[in-house]
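We number each residue from 1, following the sequence as shown. Just the heavy atoms: all of them, side chains too, but no hydrogens, waters or symmetry mates, feed the values below. Quantities reported herein were computed from a predicted structural model and do not represent experimental measurements.
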Amino acid sequence: MQDNKNLILAVVLCLIVLFGWGYVAEYMGWAPKPQMPAQESEKTVAPQKQSLPVQETTIPVFTPSPGRDFPVNTPLYDAVFYTGGGSLRSFVLKNYHTGILPDSPLVNLVDEHTALVAPLGLVVNGQPSWSTGKWSISGNSSSLVVQNGEGSFTLTGETDNFIISRHFTVSADTYLIKEKITVANPDSKTRSARIRYTTAMDASQASGGQYDSMRLAWDDNGSLDEESSSKTLTTTGVQATGKIYWAGPMSTYFLAAVIPSNPHGVTMMGRQEKTVFRTAVEGEETILAPGESREIEISYWIGPKDRAQLNAVSEQLAKSIDLGFFSGIAKGLLWLLEFFQKYVHNWGIAIILLTILIKAVFWPLTAKSYASMEKMKELQPMMLKIREKYKNNKEEMNKEVMALYKTYKVNPASGCVPILIQLPVFFGLYQALLTSLALRHASFITYLPGTDIIWLADLSAKDPLYITPIVMGITMFLQQRMSPPAQDPMQQKIMMFLPLIFTVLFLNFPSGLVIYWLVNNILSIFQQWLMMRKNRKKHPVAAKG
């Protein structure tokens, strides 16, 4: 029993570290910083390896060249491009609101602050396309409306003495924007061109805090890297060179990424200016002979982090949704969650049904754990006598205890194995619920029963009345009272405070996660009660004693 308690205590303390670390790191301003290989950093960064020179990272404030606003409307978004260079002035998502009320404003991923740094603007050899040269748009249309299929428009201009054509293609059923750039050298001598592609988002696109913070992210050779430290992003910024599949600012639910068609030899640079997080992606140098032109393809994702839609673009882009180490389990649980929701049409009920299913699957294992704990409980008087008899001889004590286990055919670790087996499922579900776009503004019980007080109207936000985390803490306390106490006085004190510690940690958890843990606790109490009842019927005398 003591060995079981030690392992369970270790697991619980690990959970506290896992959930509590975010609070500590956020408060102290700690965050992991991406490291660049020494050879690449020497080539791309000067004068120091991790600091970004001002001329390499500071994009000038938006200064309109002759042009006009060009609205682009699809079933998914209303965008406004500026024909003087092609940067975005606005990008409103039609299916996503900023708040839970029906009349809340729609999410605008390029608000007035973001527009100042010209997202989707090109930088050619350090020259910004939106504030240099003159531009024109092909045709006489004042806007582009795409209800089905695809639509396109073309901008032509001159930047750094290159003739540049930007051909944009948008679709009715995706947030992916494709661009084909033609760069022509009208000069009489060979020239090189380095083109930089930009995206940006304002911090207001994230609710803030531990579970929905704005950060810069990129995929380097199939691995997701992130930087959220404001101190780093506003001073040195971040930079990486390698096989960059995509890069851009993102929150838990939205992403504005540049997606190079050729990820090899790409450099991404990013930083934060006031509330705006922005990224620039630069491809390899292009050499153009006199009169030569070259085509370059690039794509942008500006929209929600919908896993199915991101997967349709690329496996790498889908990694912007971080499902953690147990991503395979998380994907399976998300599929089940979506399956239940199709029938009950309520994400809160779907979470409850998924919790019941998980509990049912692990019921035999948990029952075995309880049975093992009961056997250990029966052996406790004998174990106490052995410890008292051999208190000055630990070697002999351990030998006698192991002999006792062998005699009564008890495995001291068998009670903990089922718990360890369930941990990957719990962590997978934790990450799945935390990153699920479907839970954003998804209602469970909108109003506190019998009142007009808004309660569980957003499963991605904390319980505003703190009812569910408090009830969760009470259920955890009841579970503890039903379990045999630890022998060590220090462990008893720690176990006594665990329900309080977990309650405090869960106060700011997304309510969808709290509901899962609460329902799981209730089911565990019910199962434990059934096992205790069964044991009393088996051993009525021992139960009375």
Open item on the list: I'd like to check the ring pair (Phe, Tyr, Trp, His ring centres under 6.0 Å) partners of F254; sequence neighbours left out, ordered by chain and number.
Closed with: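 Y96.
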
Open item on the list: Please determine whether side-chain hydrogen bond (donor to acceptor under 3.5 Å, both in side chains) holds for the pair S152 and T169, giving the CA-CA distance in whole Å, both sets of side-chain angles, and the decisive distance to 0.1 Å.
Closed with: CA-CA 4 Å; S152 61; T169 300; 4.9 Å; no

Can you list every side-chain hydrogen bond (donor to acceptor under 3.5 Å, both in side chains) pair that touches [range], not counting sequence neighbours?
{"range": "residues 442-459", "result": "S443-T446, W455-D463, D458-S460"}
{"range": "residues 304-315", "result": "none"}
{"range": "residues 329-345", "result": "none"}
{"range": "residues 242-255", "result": "D212-T252, K243-Y245"}

Grab the two heavy atoms, one from [X] and one from [Y], that are nearest each other, plus how far apart they are.
{"X": "Y300", "Y": "L120", "answer": "CD2-CD1, 3.7 Å"}
{"X": "I298", "Y": "I259", "answer": "CD1-O, 3.7 Å"}
{"X": "P510", "Y": "L434", "answer": "CG-CD1, 3.9 Å"}

Open item on the list: Suppose we call two aromatic rings close when their centres sit under 6.0 Å apart. Are F506 and F509 close by that rule?
Closed with: yes

Open item on the list: Quick check: F153 with F81 (ring centres under 6.0 Å apart)?
Closed with: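 Ring centres of F153 and F81 closer than 6.0 Å.
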
Determine whether a donor-acceptor pair (N or O, by modelled atom type, separation under 3.5 Å) exists between the side chain of [X] and the backbone of [Y].
{"X": "S87", "Y": "P119", "value": "no"}
{"X": "R271", "Y": "T235", "value": "yes"}
{"X": "T174", "Y": "S171", "value": "no"}
{"X": "S261", "Y": "I296", "value": "no"}
{"X": "N73", "Y": "D78", "value": "no"}
{"X": "T114", "Y": "A200", "value": "no"}
{"X": "T199", "Y": "A256", "value": "yes"}
{"X": "D202", "Y": "H113", "value": "no"}

Open item on the list: Which label fits F426 and W517: parallel for a plane angle under 30°, tilted from 30 to 60°, or perpendicular past 60°?
Closed with: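 Ring orientation, 0 to 90° scale: perpendicular.
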
Task: Pairwise distance CD(Q527) to CG(N520) - rounded to 0.5 angstrom - done: 10.0 Å

Task: Residue K359 excluded, over 12 heavy atoms near NZ under 6.0 Å - done: yes

Open item on the list: Please determine whether a side-chain nitrogen of the Lys or Arg among E179 and R166 lies less than 4.0 Å from a carboxylate oxygen of the Asp or Glu.
Closed with: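 So E179 pairs with R166 through a salt bridge.
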
Open item on the list: Salt bridge check, R215 against E227: does any charged N sit closer than 4.0 Å to a carboxylate O?
Closed with: no

Name every donor-acceptor pair, under 3.5 Å, that has one atom in a side chain of residues 316-324 and the other anywhere in the protein, sequence neighbours excluded.
{"unit_1": "K319", "atom_1": "NZ", "unit_2": "G222", "atom_2": "O", "d": "2.7"}
{"unit_1": "S320", "atom_1": "OG", "unit_2": "L317", "atom_2": "O", "d": "2.8"}
{"unit_1": "D322", "atom_1": "OD1", "unit_2": "G324", "atom_2": "N", "d": "3.0"}

Task: Trace of the side-chain hydrogen bond (donor to acceptor under 3.5 Å, both in side chains) decision for S230 with Q272 - done: CA-CA 7 Å; S230 290; Q272 177 184 352; 3.3 Å; yes

